[in-house]
Protein chains: 2
Amino acid sequence: MPAAIHIKMATPRKNKTASRRPARTLDPTISRRLEQAGLPQALPRGHNMLPRDVVQRSQRARINEAMAGSVAAKGYAATTVTDITGLAGVSRTTFYEQFRDKEACYLACFEDQIRYLINRVHAAIATQATPAGQFVQALAAMLDAAAAEPIYAHAFIGQATTVGPNALEALLDHKARIIRVLREIDARVPRGQRARARLPLEVFEMAMHGMYEFLSTEIRAGRAARLPQRLPHMCWLWFSALGLPQWAEAALASTPAALRRRDWSEEAPAADGPGG
Amino acid sequence: MPAAIHIKMATPRKNKTASRRPARTLDPTISRRLEQAGLPQALPRGHNMLPRDVVQRSQRARINEAMAGSVAAKGYAATTVTDITGLAGVSRTTFYEQFRDKEACYLACFEDQIRYLINRVHAAIATQATPAGQFVQALAAMLDAAAAEPIYAHAFIGQATTVGPNALEALLDHKARIIRVLREIDARVPRGQRARARLPLEVFEMAMHGMYEFLSTEIRAGRAARLPQRLPHMCWLWFSALGLPQWAEAALASTPAALRRRDWSEEAPAADGPGG
(Lines give C-alpha, C1' and ligand atoms only; values in the text may rest on other atoms or scores of the structure.)
Protein backbone atom coordinates (compact mmCIF):
# COMPACT_ATOMS: atom_id res chain seq x y z
CA MET A 1 0.00 0.00 0.00
CA PRO A 2 1.54 3.32 -1.07
CA ALA A 3 2.41 5.63 1.79
CA ALA A 4 0.21 8.42 0.49
CA ILE A 5 -3.07 6.53 0.69
CA HIS A 6 -4.50 6.78 4.18
CA ILE A 7 -8.08 5.71 4.55
CA LYS A 8 -10.01 5.71 7.77
CA MET A 9 -11.94 2.49 7.76
CA ALA A 10 -14.64 1.79 10.29
CA THR A 11 -14.24 -1.64 11.88
CA PRO A 12 -16.53 -3.93 9.91
CA ARG A 13 -19.58 -4.82 11.94
CA LYS A 14 -20.63 -8.35 12.68
CA ASN A 15 -23.32 -9.89 10.52
CA LYS A 16 -26.18 -9.74 12.95
CA THR A 17 -25.91 -5.98 13.34
CA ALA A 18 -25.00 -5.14 9.77
CA SER A 19 -28.59 -4.63 8.73
CA ARG A 20 -28.91 -1.76 11.19
CA ARG A 21 -27.18 1.19 9.60
CA PRO A 22 -24.12 2.03 11.67
CA ALA A 23 -23.77 5.63 12.79
CA ARG A 24 -20.96 6.67 10.49
CA THR A 25 -19.77 9.61 8.47
CA LEU A 26 -19.82 9.20 4.72
CA ASP A 27 -16.71 9.86 2.68
CA PRO A 28 -17.10 13.42 1.27
CA THR A 29 -16.91 12.06 -2.29
CA ILE A 30 -19.80 9.67 -1.85
CA SER A 31 -21.72 12.25 0.11
CA ARG A 32 -21.37 14.67 -2.81
CA ARG A 33 -22.42 12.04 -5.31
CA LEU A 34 -25.51 11.16 -3.26
CA GLU A 35 -26.42 14.84 -3.11
CA GLN A 36 -25.91 15.28 -6.88
CA ALA A 37 -28.19 12.30 -7.47
CA GLY A 38 -30.86 13.73 -5.14
CA LEU A 39 -30.48 10.80 -2.74
CA PRO A 40 -30.65 11.05 1.04
CA GLN A 41 -27.30 10.90 2.86
CA ALA A 42 -28.64 8.45 5.42
CA LEU A 43 -31.74 6.33 5.40
CA PRO A 44 -33.95 6.27 8.49
CA ARG A 45 -33.40 3.20 10.66
CA GLY A 46 -35.83 0.31 10.42
CA HIS A 47 -38.77 0.18 8.04
CA ASN A 48 -39.33 3.34 6.11
CA MET A 49 -41.54 4.69 3.40
CA LEU A 50 -38.83 5.64 0.89
CA PRO A 51 -39.39 4.26 -2.60
CA ARG A 52 -37.62 0.96 -3.15
CA ASP A 53 -35.38 2.30 -5.95
CA VAL A 54 -34.17 5.17 -3.73
CA VAL A 55 -33.20 2.65 -1.04
CA GLN A 56 -31.45 0.45 -3.60
CA ARG A 57 -29.53 3.30 -5.20
CA SER A 58 -28.40 4.53 -1.82
CA GLN A 59 -27.28 0.99 -0.89
CA ARG A 60 -25.44 0.67 -4.19
CA ALA A 61 -23.66 3.98 -3.64
CA ARG A 62 -22.59 2.87 -0.16
CA ILE A 63 -21.44 -0.51 -1.45
CA ASN A 64 -19.40 1.33 -4.11
CA GLU A 65 -17.82 3.46 -1.43
CA ALA A 66 -17.10 0.44 0.75
CA MET A 67 -15.52 -1.53 -2.12
CA ALA A 68 -13.38 1.44 -3.17
CA GLY A 69 -12.25 2.14 0.38
CA SER A 70 -11.40 -1.44 1.21
CA VAL A 71 -9.61 -2.22 -2.09
CA ALA A 72 -7.65 1.03 -1.92
CA ALA A 73 -6.67 0.38 1.69
CA LYS A 74 -5.78 -3.29 1.68
CA GLY A 75 -6.04 -4.56 -1.88
CA TYR A 76 -8.65 -6.63 -3.67
CA ALA A 77 -7.38 -10.03 -2.53
CA ALA A 78 -7.55 -9.14 1.16
CA THR A 79 -10.99 -7.50 0.89
CA THR A 80 -13.86 -9.70 2.10
CA VAL A 81 -17.62 -9.53 1.62
CA THR A 82 -17.83 -8.88 5.38
CA ASP A 83 -15.59 -5.80 4.95
CA ILE A 84 -17.94 -4.49 2.30
CA THR A 85 -21.23 -5.16 4.08
CA GLY A 86 -19.80 -3.78 7.33
CA LEU A 87 -18.46 -0.60 5.76
CA ALA A 88 -21.56 -0.10 3.61
CA GLY A 89 -23.96 -0.81 6.46
CA VAL A 90 -25.96 -3.37 4.48
CA SER A 91 -26.87 -6.92 5.39
CA ARG A 92 -25.31 -9.96 3.75
CA THR A 93 -28.78 -10.78 2.42
CA THR A 94 -28.93 -7.41 0.69
CA PHE A 95 -25.42 -7.93 -0.69
CA TYR A 96 -26.17 -11.36 -2.12
CA GLU A 97 -29.50 -10.18 -3.53
CA GLN A 98 -27.48 -7.80 -5.70
CA PHE A 99 -24.21 -9.65 -6.36
CA ARG A 100 -23.18 -13.24 -6.89
CA ASP A 101 -19.86 -12.75 -5.09
CA LYS A 102 -17.08 -10.27 -4.31
CA GLU A 103 -15.80 -10.27 -7.90
CA ALA A 104 -19.25 -9.54 -9.35
CA CYS A 105 -19.53 -6.66 -6.89
CA TYR A 106 -16.10 -5.30 -7.86
CA LEU A 107 -16.99 -5.50 -11.55
CA ALA A 108 -20.30 -3.69 -10.98
CA CYS A 109 -18.56 -0.93 -9.00
CA PHE A 110 -15.86 -0.72 -11.70
CA GLU A 111 -18.59 -0.33 -14.33
CA ASP A 112 -20.29 2.42 -12.27
CA GLN A 113 -16.95 4.17 -12.01
CA ILE A 114 -16.21 4.11 -15.74
CA ARG A 115 -19.74 5.29 -16.54
CA TYR A 116 -19.31 8.17 -14.11
CA LEU A 117 -15.93 9.01 -15.68
CA ILE A 118 -17.30 8.95 -19.24
CA ASN A 119 -20.18 11.22 -18.18
CA ARG A 120 -17.64 13.70 -16.81
CA VAL A 121 -15.65 13.49 -20.06
CA HIS A 122 -18.77 14.15 -22.17
CA ALA A 123 -19.70 17.12 -19.96
CA ALA A 124 -16.19 18.55 -20.39
CA ILE A 125 -16.29 18.10 -24.17
CA ALA A 126 -19.65 19.88 -24.34
CA THR A 127 -18.04 23.11 -23.08
CA GLN A 128 -15.75 23.36 -26.14
CA ALA A 129 -16.26 24.38 -29.76
CA THR A 130 -13.03 23.09 -31.32
CA PRO A 131 -11.64 19.54 -31.54
CA ALA A 132 -8.37 20.69 -29.93
CA GLY A 133 -10.23 22.22 -27.00
CA GLN A 134 -12.40 19.11 -26.73
CA PHE A 135 -9.33 16.85 -26.54
CA VAL A 136 -7.73 19.04 -23.87
CA GLN A 137 -10.86 19.16 -21.71
CA ALA A 138 -11.56 15.44 -22.14
CA LEU A 139 -8.05 14.58 -20.93
CA ALA A 140 -8.26 17.20 -18.17
CA ALA A 141 -11.54 15.66 -16.96
CA MET A 142 -9.84 12.26 -16.56
CA LEU A 143 -6.85 13.70 -14.69
CA ASP A 144 -9.14 15.83 -12.49
CA ALA A 145 -11.34 12.86 -11.62
CA ALA A 146 -8.34 10.85 -10.45
CA ALA A 147 -7.04 13.79 -8.41
CA ALA A 148 -10.43 14.59 -6.86
CA GLU A 149 -11.27 11.01 -5.93
CA PRO A 150 -8.00 9.25 -5.21
CA ILE A 151 -9.64 6.38 -3.32
CA TYR A 152 -11.87 5.47 -6.25
CA ALA A 153 -8.98 6.01 -8.65
CA HIS A 154 -6.77 3.73 -6.59
CA ALA A 155 -9.36 0.97 -6.32
CA PHE A 156 -10.57 0.99 -9.92
CA ILE A 157 -7.72 2.42 -12.03
CA GLY A 158 -4.73 1.48 -9.87
CA GLN A 159 -5.80 -2.02 -8.84
CA ALA A 160 -7.92 -3.37 -11.71
CA THR A 161 -5.13 -5.47 -13.23
CA THR A 162 -4.64 -7.36 -9.94
CA VAL A 163 -8.23 -8.58 -9.65
CA GLY A 164 -8.22 -11.35 -12.24
CA PRO A 165 -9.01 -12.20 -15.86
CA ASN A 166 -12.58 -10.85 -15.75
CA ALA A 167 -11.41 -7.46 -14.51
CA LEU A 168 -8.73 -7.44 -17.22
CA GLU A 169 -11.47 -8.01 -19.78
CA ALA A 170 -13.57 -5.23 -18.24
CA LEU A 171 -10.55 -2.94 -18.27
CA LEU A 172 -10.06 -3.53 -22.00
CA ASP A 173 -13.74 -2.81 -22.59
CA HIS A 174 -13.47 0.43 -20.59
CA LYS A 175 -10.43 1.52 -22.58
CA ALA A 176 -12.33 0.78 -25.80
CA ARG A 177 -15.21 3.00 -24.65
CA ILE A 178 -12.88 5.92 -23.92
CA ILE A 179 -11.18 5.34 -27.29
CA ARG A 180 -14.60 5.65 -28.98
CA VAL A 181 -15.14 9.05 -27.35
CA LEU A 182 -11.68 10.27 -28.43
CA ARG A 183 -12.11 8.89 -31.97
CA GLU A 184 -15.32 10.91 -32.29
CA ILE A 185 -13.36 14.07 -31.49
CA ASP A 186 -10.57 12.95 -33.83
CA ALA A 187 -13.06 12.56 -36.69
CA ARG A 188 -13.91 16.27 -36.31
CA VAL A 189 -10.29 17.46 -36.76
CA PRO A 190 -10.29 19.57 -39.94
CA ARG A 191 -8.60 17.72 -42.77
CA GLY A 192 -6.13 20.54 -43.43
CA GLN A 193 -4.53 19.99 -40.03
CA ARG A 194 -2.62 16.86 -40.93
CA ALA A 195 -1.38 14.65 -43.72
CA ARG A 196 -3.36 11.55 -42.69
CA ALA A 197 -7.14 11.64 -42.66
CA ARG A 198 -7.55 8.65 -40.32
CA LEU A 199 -5.14 6.66 -38.20
CA PRO A 200 -5.28 2.91 -37.58
CA LEU A 201 -7.06 1.73 -34.44
CA GLU A 202 -3.75 0.39 -33.07
CA VAL A 203 -2.49 3.95 -32.66
CA PHE A 204 -5.47 4.84 -30.47
CA GLU A 205 -5.01 1.61 -28.51
CA MET A 206 -1.32 2.30 -27.86
CA ALA A 207 -1.94 5.89 -26.77
CA MET A 208 -4.85 4.77 -24.59
CA HIS A 209 -2.69 2.13 -22.89
CA GLY A 210 0.02 4.75 -22.44
CA MET A 211 -2.37 7.19 -20.78
CA TYR A 212 -4.14 4.62 -18.64
CA GLU A 213 -1.04 2.87 -17.33
CA PHE A 214 0.66 6.19 -16.66
CA LEU A 215 -2.38 7.23 -14.57
CA SER A 216 -2.46 3.85 -12.90
CA THR A 217 1.23 3.98 -11.98
CA GLU A 218 1.03 7.52 -10.62
CA ILE A 219 -2.08 6.68 -8.60
CA ARG A 220 -0.48 3.56 -7.08
CA ALA A 221 2.58 5.64 -6.16
CA GLY A 222 0.32 8.04 -4.22
CA ARG A 223 0.72 10.86 -6.75
CA ALA A 224 -2.94 11.17 -7.88
CA ALA A 225 -3.17 14.74 -6.57
CA ARG A 226 -0.40 15.84 -8.94
CA LEU A 227 -1.95 14.33 -12.07
CA PRO A 228 -3.61 17.58 -13.29
CA GLN A 229 -0.06 18.98 -13.59
CA ARG A 230 0.60 16.35 -16.24
CA LEU A 231 -2.04 17.70 -18.64
CA PRO A 232 0.55 19.18 -21.05
CA HIS A 233 2.40 15.82 -21.22
CA MET A 234 -0.85 13.93 -21.75
CA CYS A 235 -1.89 16.32 -24.54
CA TRP A 236 1.57 15.94 -26.08
CA LEU A 237 1.15 12.15 -26.13
CA TRP A 238 -2.28 12.23 -27.75
CA PHE A 239 -1.72 15.09 -30.19
CA SER A 240 1.60 13.56 -31.30
CA ALA A 241 0.14 10.10 -31.68
CA LEU A 242 -2.77 11.51 -33.68
CA GLY A 243 -0.42 13.20 -36.16
CA LEU A 244 -0.92 16.75 -34.85
CA PRO A 245 2.61 17.85 -33.89
CA GLN A 246 1.84 21.61 -33.87
CA TRP A 247 -0.93 21.09 -31.35
CA ALA A 248 1.38 18.83 -29.33
CA GLU A 249 4.07 21.52 -29.27
CA ALA A 250 1.56 24.21 -28.27
CA ALA A 251 0.30 22.00 -25.43
CA LEU A 252 3.72 21.07 -24.04
CA ALA A 253 4.89 24.69 -24.23
CA SER A 254 1.97 25.80 -21.99
CA THR A 255 1.52 25.67 -18.26
CA PRO A 256 -1.37 23.37 -17.22
CA ALA A 257 -3.50 26.40 -16.27
CA ALA A 258 -2.81 28.24 -19.54
CA LEU A 259 -3.51 25.08 -21.51
CA ARG A 260 -6.95 24.75 -19.90
CA ARG A 261 -7.84 28.35 -20.77
CA ARG A 262 -6.36 28.30 -24.26
CA ASP A 263 -8.53 29.35 -27.21
CA TRP A 264 -7.85 26.89 -30.03
CA SER A 265 -10.14 28.51 -32.60
CA GLU A 266 -7.21 29.68 -34.76
CA GLU A 267 -5.40 26.35 -34.73
CA ALA A 268 -8.55 24.39 -35.44
CA PRO A 269 -11.23 26.26 -37.39
CA ALA A 270 -14.42 24.79 -35.94
CA ALA A 271 -15.16 22.25 -38.68
CA ASP A 272 -15.22 21.76 -42.44
CA GLY A 273 -11.86 23.51 -42.75
CA PRO A 274 -9.91 23.38 -46.00
CA GLY A 275 -9.44 19.79 -47.18
CA GLY A 276 -5.94 18.25 -46.82
CA MET B 1 -6.46 -18.99 -20.73
CA PRO B 2 -6.48 -17.63 -24.29
CA ALA B 3 -7.41 -20.18 -26.92
CA ALA B 4 -4.15 -19.76 -28.81
CA ILE B 5 -1.86 -20.82 -25.97
CA HIS B 6 -1.54 -24.58 -25.89
CA ILE B 7 1.24 -25.93 -23.77
CA LYS B 8 1.99 -29.57 -23.25
CA MET B 9 2.69 -29.94 -19.57
CA ALA B 10 4.10 -33.12 -18.15
CA THR B 11 2.26 -34.29 -15.05
CA PRO B 12 4.27 -32.89 -12.15
CA ARG B 13 6.17 -35.68 -10.42
CA LYS B 14 5.81 -36.47 -6.77
CA ASN B 15 8.46 -35.15 -4.42
CA LYS B 16 10.37 -38.32 -3.89
CA THR B 17 11.03 -38.81 -7.58
CA ALA B 18 11.57 -35.20 -8.55
CA SER B 19 15.28 -35.34 -7.88
CA ARG B 20 15.67 -37.89 -10.66
CA ARG B 21 15.50 -36.01 -13.93
CA PRO B 22 12.39 -37.10 -15.75
CA ALA B 23 12.80 -38.28 -19.33
CA ARG B 24 11.30 -35.31 -21.09
CA THR B 25 11.69 -33.19 -24.19
CA LEU B 26 12.72 -29.62 -23.62
CA ASP B 27 10.72 -26.81 -25.13
CA PRO B 28 12.54 -25.77 -28.35
CA THR B 29 13.05 -22.25 -26.98
CA ILE B 30 14.82 -23.40 -23.85
CA SER B 31 16.74 -25.96 -25.81
CA ARG B 32 18.00 -23.21 -28.11
CA ARG B 33 18.94 -21.00 -25.18
CA LEU B 34 20.87 -23.80 -23.51
CA GLU B 35 22.72 -24.41 -26.75
CA GLN B 36 23.53 -20.70 -27.17
CA ALA B 37 24.89 -20.64 -23.61
CA GLY B 38 27.03 -23.73 -24.29
CA LEU B 39 25.12 -25.75 -21.71
CA PRO B 40 24.21 -29.43 -22.02
CA GLN B 41 20.60 -30.17 -22.94
CA ALA B 42 20.31 -32.86 -20.30
CA LEU B 43 22.50 -33.64 -17.34
CA PRO B 44 23.57 -37.24 -16.73
CA ARG B 45 21.54 -38.97 -14.04
CA GLY B 46 22.97 -39.30 -10.55
CA HIS B 47 26.32 -37.90 -9.48
CA ASN B 48 28.32 -36.38 -12.26
CA MET B 49 31.55 -34.52 -12.80
CA LEU B 50 30.08 -31.41 -14.41
CA PRO B 51 31.20 -28.16 -12.80
CA ARG B 52 28.75 -26.95 -10.17
CA ASP B 53 27.97 -23.69 -12.01
CA VAL B 54 27.07 -25.60 -15.18
CA VAL B 55 24.64 -27.73 -13.18
CA GLN B 56 23.16 -24.69 -11.50
CA ARG B 57 22.75 -22.73 -14.72
CA SER B 58 21.10 -25.69 -16.36
CA GLN B 59 18.76 -26.07 -13.38
CA ARG B 60 17.97 -22.38 -13.46
CA ALA B 61 17.18 -22.54 -17.18
CA ARG B 62 14.85 -25.50 -16.58
CA ILE B 63 13.17 -23.73 -13.65
CA ASN B 64 12.67 -20.70 -15.91
CA GLU B 65 11.07 -22.89 -18.51
CA ALA B 66 8.86 -24.59 -15.93
CA MET B 67 7.70 -21.30 -14.42
CA ALA B 68 6.97 -19.81 -17.85
CA GLY B 69 5.09 -22.90 -19.00
CA SER B 70 2.99 -23.23 -15.88
CA VAL B 71 2.14 -19.52 -15.55
CA ALA B 72 1.29 -19.27 -19.25
CA ALA B 73 -0.88 -22.38 -19.06
CA LYS B 74 -2.78 -21.89 -15.82
CA GLY B 75 -1.85 -18.52 -14.40
CA TYR B 76 0.43 -17.48 -11.57
CA ALA B 77 -2.08 -18.00 -8.75
CA ALA B 78 -2.76 -21.62 -9.70
CA THR B 79 0.92 -22.48 -10.23
CA THR B 80 2.50 -24.37 -7.31
CA VAL B 81 6.11 -25.03 -6.33
CA THR B 82 5.35 -28.71 -7.02
CA ASP B 83 4.37 -27.82 -10.60
CA ILE B 84 7.69 -26.05 -11.05
CA THR B 85 9.94 -28.69 -9.51
CA GLY B 86 8.07 -31.43 -11.36
CA LEU B 87 8.29 -29.72 -14.74
CA ALA B 88 11.89 -28.62 -14.21
CA GLY B 89 13.02 -32.02 -12.93
CA VAL B 90 14.66 -30.58 -9.81
CA SER B 91 14.15 -31.52 -6.19
CA ARG B 92 12.31 -29.34 -3.69
CA THR B 93 15.62 -29.05 -1.82
CA THR B 94 17.29 -27.61 -4.92
CA PHE B 95 14.36 -25.25 -5.40
CA TYR B 96 14.42 -23.91 -1.85
CA GLU B 97 18.21 -23.61 -1.92
CA GLN B 98 17.75 -21.09 -4.71
CA PHE B 99 14.44 -19.37 -3.92
CA ARG B 100 12.58 -18.36 -0.78
CA ASP B 101 9.20 -19.13 -2.34
CA LYS B 102 7.17 -19.19 -5.54
CA GLU B 103 7.09 -15.39 -5.79
CA ALA B 104 10.87 -15.07 -5.39
CA CYS B 105 11.25 -17.66 -8.14
CA TYR B 106 8.84 -15.79 -10.44
CA LEU B 107 10.69 -12.52 -9.83
CA ALA B 108 14.06 -14.15 -10.57
CA CYS B 109 12.73 -15.67 -13.81
CA PHE B 110 11.16 -12.32 -14.72
CA GLU B 111 14.54 -10.65 -14.15
CA ASP B 112 16.27 -13.26 -16.35
CA GLN B 113 13.70 -12.61 -19.04
CA ILE B 114 14.15 -8.84 -19.07
CA ARG B 115 17.94 -9.20 -19.07
CA TYR B 116 17.67 -11.54 -22.05
CA LEU B 117 15.34 -9.09 -23.82
CA ILE B 118 17.63 -6.12 -23.20
CA ASN B 119 20.59 -8.12 -24.54
CA ARG B 120 18.62 -8.78 -27.71
CA VAL B 121 17.75 -5.11 -27.99
CA HIS B 122 21.40 -4.06 -27.60
CA ALA B 123 22.46 -6.61 -30.23
CA ALA B 124 19.83 -5.23 -32.63
CA ILE B 125 20.94 -1.65 -32.03
CA ALA B 126 24.56 -2.57 -32.70
CA THR B 127 23.70 -3.46 -36.32
CA GLN B 128 22.64 0.12 -37.12
CA ALA B 129 24.50 3.36 -37.77
CA THR B 130 21.65 5.88 -37.47
CA PRO B 131 19.40 6.71 -34.50
CA ALA B 132 16.31 6.10 -36.65
CA GLY B 133 17.56 2.66 -37.67
CA GLN B 134 18.49 1.91 -34.06
CA PHE B 135 14.98 2.77 -32.85
CA VAL B 136 13.39 0.59 -35.52
CA GLN B 137 15.61 -2.40 -34.77
CA ALA B 138 15.24 -2.00 -30.99
CA LEU B 139 11.45 -2.04 -31.30
CA ALA B 140 11.60 -4.89 -33.82
CA ALA B 141 13.73 -6.93 -31.41
CA MET B 142 11.06 -6.63 -28.71
CA LEU B 143 8.22 -7.58 -31.07
CA ASP B 144 10.26 -10.47 -32.48
CA ALA B 145 11.10 -11.80 -29.02
CA ALA B 146 7.43 -11.91 -28.06
CA ALA B 147 6.52 -13.63 -31.33
CA ALA B 148 9.36 -16.16 -31.13
CA GLU B 149 8.78 -17.09 -27.49
CA PRO B 150 5.07 -16.70 -26.84
CA ILE B 151 5.12 -18.82 -23.68
CA TYR B 152 7.76 -16.66 -22.03
CA ALA B 153 6.01 -13.54 -23.32
CA HIS B 154 2.70 -14.73 -21.91
CA ALA B 155 4.14 -15.60 -18.50
CA PHE B 156 6.33 -12.53 -18.02
CA ILE B 157 4.82 -9.76 -20.15
CA GLY B 158 1.17 -10.85 -20.24
CA GLN B 159 0.79 -11.97 -16.62
CA ALA B 160 3.18 -9.80 -14.58
CA THR B 161 0.47 -7.41 -13.39
CA THR B 162 -1.54 -10.27 -11.86
CA VAL B 163 1.27 -11.57 -9.62
CA GLY B 164 1.20 -8.93 -6.89
CA PRO B 165 2.75 -5.67 -5.69
CA ASN B 166 6.37 -6.92 -5.90
CA ALA B 167 5.96 -7.93 -9.53
CA LEU B 168 4.34 -4.56 -10.26
CA GLU B 169 7.43 -2.90 -8.78
CA ALA B 170 9.69 -5.16 -10.86
CA LEU B 171 7.66 -4.35 -13.96
CA LEU B 172 8.17 -0.61 -13.40
CA ASP B 173 11.88 -1.21 -12.95
CA HIS B 174 12.00 -3.21 -16.20
CA LYS B 175 10.19 -0.46 -18.07
CA ALA B 176 12.67 2.08 -16.66
CA ARG B 177 15.58 0.00 -17.96
CA ILE B 178 14.13 -0.17 -21.47
CA ILE B 179 13.44 3.57 -21.30
CA ARG B 180 17.14 4.16 -20.50
CA VAL B 181 18.14 2.25 -23.64
CA LEU B 182 15.71 4.24 -25.80
CA ARG B 183 16.76 7.56 -24.22
CA GLU B 184 20.37 6.80 -25.15
CA ILE B 185 19.31 6.44 -28.78
CA ASP B 186 17.16 9.56 -28.48
CA ALA B 187 20.15 11.57 -27.23
CA ARG B 188 21.90 10.73 -30.52
CA VAL B 189 19.14 12.19 -32.74
CA PRO B 190 20.74 15.11 -34.60
CA ARG B 191 19.49 18.41 -33.23
CA GLY B 192 18.36 19.62 -36.63
CA GLN B 193 15.68 16.88 -36.73
CA ARG B 194 13.29 18.52 -34.30
CA ALA B 195 12.36 21.68 -32.46
CA ARG B 196 12.90 20.27 -28.96
CA ALA B 197 16.34 19.07 -27.91
CA ARG B 198 15.09 16.87 -25.03
CA LEU B 199 11.68 15.71 -23.94
CA PRO B 200 10.47 15.29 -20.37
CA LEU B 201 10.78 11.83 -18.82
CA GLU B 202 6.97 11.58 -18.59
CA VAL B 203 6.78 11.38 -22.39
CA PHE B 204 9.07 8.34 -22.41
CA GLU B 205 7.10 6.79 -19.56
CA MET B 206 3.78 7.24 -21.36
CA ALA B 207 5.09 5.81 -24.65
CA MET B 208 6.73 2.92 -22.77
CA HIS B 209 3.47 2.10 -20.98
CA GLY B 210 1.68 2.35 -24.31
CA MET B 211 4.07 -0.09 -25.99
CA TYR B 212 4.25 -2.53 -23.08
CA GLU B 213 0.52 -2.73 -22.39
CA PHE B 214 -0.22 -3.05 -26.10
CA LEU B 215 2.20 -6.00 -26.25
CA SER B 216 0.75 -7.44 -23.08
CA THR B 217 -2.83 -7.21 -24.34
CA GLU B 218 -1.99 -8.76 -27.72
CA ILE B 219 -0.04 -11.57 -26.05
CA ARG B 220 -2.87 -12.36 -23.61
CA ALA B 221 -5.30 -12.43 -26.55
CA GLY B 222 -3.11 -15.08 -28.22
CA ARG B 223 -1.87 -12.73 -30.96
CA ALA B 224 1.87 -12.75 -30.09
CA ALA B 225 2.75 -14.27 -33.48
CA ARG B 226 1.28 -11.25 -35.27
CA LEU B 227 3.19 -8.64 -33.25
CA PRO B 228 6.02 -8.17 -35.79
CA GLN B 229 3.33 -6.90 -38.19
CA ARG B 230 2.73 -4.02 -35.76
CA LEU B 231 6.25 -2.61 -36.17
CA PRO B 232 5.10 0.38 -38.26
CA HIS B 233 2.47 1.28 -35.63
CA MET B 234 4.99 0.92 -32.81
CA CYS B 235 7.50 3.13 -34.66
CA TRP B 236 4.72 5.65 -35.30
CA LEU B 237 3.96 5.79 -31.56
CA TRP B 238 7.60 6.30 -30.53
CA PHE B 239 8.68 8.63 -33.33
CA SER B 240 5.55 10.77 -32.84
CA ALA B 241 5.95 10.90 -29.07
CA LEU B 242 9.61 11.86 -29.47
CA GLY B 243 8.75 14.80 -31.70
CA LEU B 244 9.86 13.21 -34.97
CA PRO B 245 6.71 13.29 -37.12
CA GLN B 246 8.53 12.84 -40.46
CA TRP B 247 10.12 9.62 -39.23
CA ALA B 248 6.73 8.54 -37.87
CA GLU B 249 5.10 9.12 -41.23
CA ALA B 250 7.87 7.27 -43.08
CA ALA B 251 7.48 4.32 -40.71
CA LEU B 252 3.69 4.08 -40.89
CA ALA B 253 3.77 4.40 -44.69
CA SER B 254 6.07 1.33 -44.96
CA THR B 255 5.32 -2.35 -44.84
CA PRO B 256 6.93 -4.07 -41.83
CA ALA B 257 9.48 -5.77 -44.12
CA ALA B 258 10.39 -2.56 -45.95
CA LEU B 259 10.67 -0.72 -42.65
CA ARG B 260 13.19 -3.26 -41.35
CA ARG B 261 15.33 -2.88 -44.48
CA ARG B 262 15.05 0.88 -44.73
CA ASP B 263 18.22 2.97 -44.97
CA TRP B 264 17.73 5.99 -42.71
CA SER B 265 21.07 7.65 -43.46
CA GLU B 266 19.44 10.51 -45.37
CA GLU B 267 16.79 11.25 -42.75
CA ALA B 268 19.27 11.07 -39.90
CA PRO B 269 22.85 11.99 -40.78
CA ALA B 270 24.85 9.77 -38.44
CA ALA B 271 25.59 12.32 -35.72
CA ASP B 272 26.69 15.91 -35.10
CA GLY B 273 24.25 17.09 -37.79
CA PRO B 274 23.44 20.77 -38.11
CA GLY B 275 22.26 22.16 -34.77
CA GLY B 276 18.52 22.92 -34.44
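Per chain, numbering begins at 1; letters A, B, ... match sequence-line order.
- When the side chain to side chain contact (heavy atoms under 4.5 Å, CB included) test is applied to A/Ala146, the partners found at least two apart in sequence or on another chain are A/Ala153, A/Ile219, A/Leu227.
- Taking all atoms of both residues into account, the shortest heavy-atom contact from A/Leu252 to B/Pro200 is CD2-CD, 4.1 Å.
- Every residue meeting the side chain to side chain contact (heavy atoms under 4.5 Å, CB included) condition with A/Pro245, not counting sequence neighbours, appears here in chain and number order: B/Pro245.
- For B/Phe204, there are no ring pair (Phe, Tyr, Trp, His ring centres under 6.0 Å) partners, not counting sequence neighbours.
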No hydrogens needed, just list the donor-acceptor pairs between chain A and chain B under 3.5 Å.
unit_1   : atom_1 : unit_2   : atom_2 : d
A/Arg196 : NE     : B/Glu249 : OE1    : 2.9
A/Arg196 : NE     : B/Glu249 : OE2    : 3.4
A/Arg196 : NH2    : B/Glu249 : OE2    : 3.1
A/Glu202 : OE2    : B/Arg230 : NE     : 3.2
A/Arg230 : NE     : B/Glu202 : OE2    : 3.2
A/Trp236 : NE1    : B/Ala241 : O      : 2.7
A/Ala241 : O      : B/Trp236 : NE1    : 2.7
A/Glu249 : OE1    : B/Arg196 : NE     : 2.9
A/Glu249 : OE2    : B/Arg196 : NE     : 3.4
A/Glu249 : OE2    : B/Arg196 : NH2    : 3.1

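- Using a 4.5 Å cut-off between heavy atoms, B/Ala253 contacts chain A through both its backbone and its side chain.
- Of the two parts of B/Met234, the backbone and the side chain both hold a non-hydrogen atom closer than 4.5 Å to a non-hydrogen atom of chain A.
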